[in-house]
Participant: 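Once you've had a glance at the structure underneath, I'll fire off some questions.
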Amino acid sequence: MKDFDGVGHVLLSISIVLGSILVVESGIGVNWGTLSSHRLSPSVVVDLLKENKIGKVKIFDADPNVLRALMGSGIEVMIGIPNEMLGTLSSSPAVADLWVSQNVSRYAVKGGVNIRYIAVGNEPFLSNYQGQFQSFVLPAMVNLQQSLAKVNLAGYVKLVVPCNADAYEASLPSQGSFRPELTQIMTQIVSFLNSNGSPFIVNIYPFLSLYQSSDFPQDYAFFDGSTHPVVDGSNIYYNAFDGNFDTLVAALNKIGYGQMPIVIGEVGWPTDGAFSANLSAARAFNQGLINHVLSNKGTPLRPGVPPLDIYLFSLLDEEQKSILPGNFERHWGIFSFDGQAKYPLNLGLGNGILKNAKDVEYLPSRWCVANPSQDLGSASNHMKLACSMADCTTLLYGGSCNAIGEKGNISYAFNSYYQLQKQDARSCDFDGLGMVTFLDPSIGDCHFLVGVTDNNCSCVGCGILCGLWIMTLWVVIYLRIFESP
Ligand SMILES: *[C@@H]1O[C@H](CO)[C@@H](O)[C@H](O)[C@H]1NC(C)=O
Ligand SMILES: *[C@@H]1O[C@H](CO)[C@@H](O)[C@H](O)[C@H]1NC(C)=O
Ligand SMILES: *[C@@H]1O[C@H](CO)[C@@H](O)[C@H](O)[C@H]1NC(C)=O
């Protein structure tokens, strides 16, 4: 604990010294979600972060496997508390103590995890939740803050509350205010954040504005200027991001905290599952965003003051996410599920374009497809079942596999299911309609995946390799012993 605090103070004083000489640039981080059945091993993901010089990561829980992999990396981490836990945390200081000791202080050691933020809930004020978490947030924060203070981490680890942009509203940015039913609680929370030196965290999604409204001007979602700028008195907005950001600034100003630092907790663009979710749009948005933020231009209400940090949504695709918001929901990654860059993107971290994950352990190169010698008339039920468990969202309207034909559809569904089942032979049966092939059935932009294994010795081949490795070790030791004079 002492060591960790020491590190904190040193870092703090370095940043104060640097801050007085240099312009402080926004930090570029990523969200690392794990709702995937094709999970890379956490150490491969941490290497991917390091390889791309990504120094800030936001996770949605406190998964010990993920946190162990982050140990010693120096990467700044924001861990999350799921909304469902807010009730118990708000009701009991002892629960908060336990949560902090299990999920924060055990990692706050030399060579541990550089936890800087704890997200208390995830968009707990989302209007869809109809207020069910609302009253728990502040009492949970009070308990957690006391728990942090008890273990001397209150100065280093900051509590924050990532909010959806639906917490505020306005027809023009300068009119921004929090939703009326949230004004009181937001005032209390922002005051709490302010007294602890925490930023306000907001998630901003121009993609959703475009997706949800047919009269949203497309070019206003991006950063190359707009033929439909928003004129707000003497301020002119050329992109949705700035407009949204300043609506929040105005809302904060209205409750007396117009200077509150703002962090963008989630921002990004999906690449599949909807017409405007494609590679070129995602690249244009994310590169435009990064360049805009790093230009330090700021916005009309905060000229020269860009967001403190932005966390891209998302690092990797997650094919087990709910598609309630839309089929694009599983395709937000700047990398595909297996850590391969989807498009060239320069994160502005002095490292050129994205670099792919290394040492990814794939399952063998084989796929399950529809057997061409069978009558596929009865395949639709199998297909439905396969797609109820595995991901078939790319087959739907606006998806990259939407035009591969009926047999292609069936094959795609069979293969998704087969890979989900880690290529278990029985999972490619489908009453004799499926067959395993060693020829990649991918067609054009429609990619038939091969799954990954998330630990080094789970597949038979790797098991044998591990066995050989251990045998070699013993032989070496044996030889050493008997060769030494
Ligand atoms: C630590 O966090 C994990 C993941 O959010 C949670 O499941 C676990 O219950 C937490 N530990 C405690 C003691 O609350
Ligand atoms: C990709 O999305 C953009 C933004 O909506 C759209 O203008 C463009 O036509 C799409 N490109 C393709 C190839 O579908
Ligand atoms: C393939 O499936 C998709 C999604 O259900 C559908 O839109 C498309 O029309 C199908 N193609 C054929 C040829 O049936």
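Atoms within each ligand, like the ligands themselves, are counted from 1 in listed order. In this text, all values refer to a predicted model and were calculated from it rather than measured experimentally.
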Participant: Could you check whether the rings of Phe207 and Phe328 sit parallel, tilted or perpendicular, using 30° and 60° as the cut-offs?
Facilitator: perpendicular

Participant: If you measure from the Lys or Arg side-chain nitrogens to the Asp or Glu carboxylate oxygens, is any gap between Asp424 and Arg426 under 4.0 Å?
Facilitator: yes

Participant: Are side-chain N/O atoms of Ser373 and Asn371 paired as donor and acceptor at under 3.5 Å?
Facilitator: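 Yes, side-chain donor-acceptor contact under 3.5 Å.
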
Participant: Can you confirm if the aromatic rings of Trp32 and Tyr311 lie within a centre distance of less than 6.0 Å?
Facilitator: no

Participant: Would you check if there is a donor-acceptor pair between the side chains of Ser276 and Gln218 at a distance under 3.5 Å?
Facilitator: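 There is no such pair (donor and acceptor under 3.5 Å, judged by atom type) between the side chains of Gln218 and Ser276.
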
Participant: Is the closest basic N to carboxylate O distance between Asp242 and Lys297 below 4.0 Å?
Facilitator: no

Participant: With a cut-off of 4.0 Å, which atoms of ligand 1 are near a heavy atom of Met85?
Facilitator: 14 (O)

Participant: For atom 4 (C) of ligand 2, is there a protein heavy atom at a distance under 4.0 Å?
Facilitator: yes

Participant: At a 4.0 Å threshold, what atoms of ligand 3 neighbour a non-hydrogen atom of Gly405?
Facilitator: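 Ligand 3 atoms under the 4.0 Å threshold to Gly405: 13 (C).
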
Participant: Would Lys56 and Asp309 pass as an ion pair if we require N to O under 4.0 Å?
Facilitator: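 Yes, Lys56 and Asp309 are salt-bridged.
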
Participant: What verdict does the side-chain contact (heavy atoms from CB on, under 4.5 Å) test give for Leu289 and Ile310, after you've listed the backbone C-alpha separation in whole Å, the side-chain angles of each residue and the deciding distance to 0.1 Å?
Facilitator: CA-CA 10 Å; Leu289 170 77; Ile310 66 170; 3.8 Å; yes

Participant: Within ligand 2, which atoms have a heavy atom of Gln218 less than 4.0 Å away?
Facilitator: 3 (C), 4 (C), 5 (O), 6 (C), 7 (O)

Participant: Look at atom 12 (C) of ligand 1 and say which protein heavy atom is nearest, naming residue and atom and giving the distance to 0.1 Å.
Facilitator: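 The closest one turns out to be Gln102 OE1, 3.5 Å.
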
Participant: Which ligand 1 atoms are under 4.0 Å away from a heavy-atom of Leu98?
Facilitator: 13 (C)

Participant: Under 4.0 Å from any heavy atom of Ser276, which atoms of ligand 2 are there?
Facilitator: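 The list of qualifying atoms is 2 (O), 4 (C), 5 (O).
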
Participant: To which protein heavy atom is atom 9 (O) of ligand 3 closest, and what is the distance rounded to 0.1 Å?
Facilitator: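 Scanning the protein heavy atoms, the shortest distance from atom 9 (O) of ligand 3 goes to Asn409 ND2, 4.8 Å.
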
Participant: What protein heavy atom sits nearest atom 10 (C) of ligand 1, and how far away is it?
Facilitator: Asn103 ND2, 2.6 Å

Participant: Decide whether an N or O pair under 3.5 Å exists between Asp61 and ligand 1.
Facilitator: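 No - when backbone and side-chain N and O of Asp61 are compared with those of ligand 1, no distance drops under 3.5 Å.
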
Participant: Run the numbers for me: atoms of ligand 3, each under 4.0 Å from some heavy atom of Leu395, listed by number.
Facilitator: 3 (C), 4 (C)

Participant: Identify the closest protein heavy atom to atom 7 (O) of ligand 3: which residue and atom is it, and at what distance?
Facilitator: Asn402 ND2, 3.5 Å

Participant: Angle between ring planes, Phe313 versus Trp332, binned at 30° and 60°: parallel, tilted or perpendicular?
Facilitator: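 Perpendicular, since the angle between the ring planes exceeds 60°.
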
Participant: Quick check on contacts: which atoms of ligand 1 are under 4.0 angstrom from a heavy atom of Ala62?
Facilitator: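 Under 4.0 Å from Ala62, ligand 1 has these atoms: 2 (O), 4 (C), 5 (O).
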
Participant: Nearest protein heavy atom to atom 13 (C) of ligand 3, by residue and atom, and its distance?
Facilitator: Glu406 N, 3.2 Å

Participant: May I ask you to check if ligand 2 and Asn278 share an N or O to N or O distance below 3.5 Å?
Facilitator: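 Min N/O separation from ligand 2 is below 3.5 Å for Asn278.
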
Participant: In the protein, what heavy atom is nearest to atom 14 (O) of ligand 1, and what distance, to one decimal place, separates them?
Facilitator: Trp99 CD1, 3.2 Å

Participant: Can a donor-acceptor pair be found between the side chains of Tyr205 and Asn244 at a distance below 3.5 Å?
Facilitator: no

